[in-house]
Amino acid sequence: RSIYRTGNTDFEIAEMYLWYNNWEAMRKLWEPYLNDSNNRIAKRAHYNIAVYYEVTGNLEKALEHAKISALQYNNQKAHKYVAILEKRMI
């Protein structure tokens with residue numbers, strides 16, 4: 001899966017952890033932005049956290065965050081991701 005790598009400095013730092021497959025460090029950088037006042041940042045944080053949960057095996061939490069990104073913030077990329085996750089959970 002792809003993740004959002006831009007938006008603010010923490011998203012750019014998280015990209016570096018991707019090289020080391022350190023998903024927990026990435027999650028810690030993204031989580032503070034889940035309720036950011038900037039909708040662009042919040043939708044990206046929810047999407048990235050969804051990918052984190054998918055990679056770590058928690059499809060229910062992945063779907064929860066993907067739906068927030070898709071429905072609350074109208075993230076088209078997340079709408080597609082929701083469909084993929086729902087198929088995986090059948």
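Positions are given from 1, in the same order as the sequence printed here.
- Note on Ile84 and Met89: separate hydrophobic clusters, where clusters join Ile, Leu, Val, Met, Phe, Trp and Tyr whose side-chain heavy atoms are under 4.5 Å apart, directly or indirectly.
- Leu18 contributes atom CG, which lies 5.0 Å from atom CE of Met26 (distance to the nearest 0.5 angstrom).
- For the pair Asn48/Tyr33, no side-chain contact is recorded, criterion being any heavy-atom separation below 4.5 Å from C-beta on.
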Stepwise side-chain contact (heavy atoms from CB on, under 4.5 Å) test for Phe11 and Ile3: CA-CA 9 Å; Phe11 280 60; Ile3 57 168; over 6 Å; no
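- Contacts classified as salt bridge (charged side-chain N to carboxylate O under 4.0 Å, His left out) and involving residues 8-17 (residues at least two apart or in different chains) are given here: Arg5-Glu15.
- Here Glu64 pairs with Lys61 under the salt bridge (Lys or Arg N to Asp or Glu O under 4.0 Å) rule; sequence neighbours left out.
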List, one per line, each side-chain donor-acceptor pair under 3.5 Å for residues 49-56, sequence neighbours excluded.
| residue | atom | partner | partner atom | Å |
| --- | --- | --- | --- | --- |
| Tyr52 | OH | Glu24 | OE1 | 2.8 |
| Glu54 | OE1 | Arg1 | NE | 2.8 |
| Glu54 | OE1 | Tyr81 | OH | 2.5 |
| Glu54 | OE2 | Arg1 | NE | 3.3 |
| Glu54 | OE2 | Arg1 | NH2 | 3.1 |
| Glu54 | OE2 | Arg88 | NH1 | 2.5 |
| Thr56 | OG1 | Tyr52 | O | 2.9 |
| Thr56 | OG1 | Tyr53 | O | 3.3 |

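- Here CD1 of Ile13 is found 14.5 Å from NZ of Lys28. Values are rounded to the nearest 0.5 Å.
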Please set out all donor-acceptor pairs under 3.5 angstrom arising from side-chain atoms of residues 66-78, sequence neighbours excluded.
| residue | atom | partner | partner atom | Å |
| --- | --- | --- | --- | --- |
| Ser69 | OG | Lys43 | O | 2.8 |
| Ser69 | OG | Asn75 | ND2 | 3.0 |
| Asn74 | OD1 | Gln76 | NE2 | 3.0 |
| Asn75 | OD1 | Tyr4 | OH | 3.3 |
| Asn75 | OD1 | Lys77 | N | 3.0 |
| Asn75 | OD1 | Ala78 | N | 3.4 |
| Asn75 | ND2 | Tyr4 | OH | 3.3 |
| Lys77 | NZ | Ser2 | OG | 3.0 |

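- Between the CG atom in Asn35 and the CD1 atom in Ile41 there is a gap of 13.5 Å [rounded to 0.5 Å].
- Residues passing the side chain to side chain donor-acceptor pair (under 3.5 Å) test with Thr6 are Arg44, sequence neighbours excluded.
- Across Asn22 and Ala25, no two heavy atoms sit closer than the pair OD1-N, 3.0 Å.
- Put simply, the side chain of His46 gets close to the backbone of Leu34: a donor and an acceptor are under 3.5 Å apart.
- The line from CH2 of Trp23 to CH2 of Trp30 is 5.0 Å long, rounded to the nearest 0.5 Å.
- Ala83 meets the side-chain contact (heavy atoms from CB on, under 4.5 Å) test with no other residue; sequence neighbours excluded.
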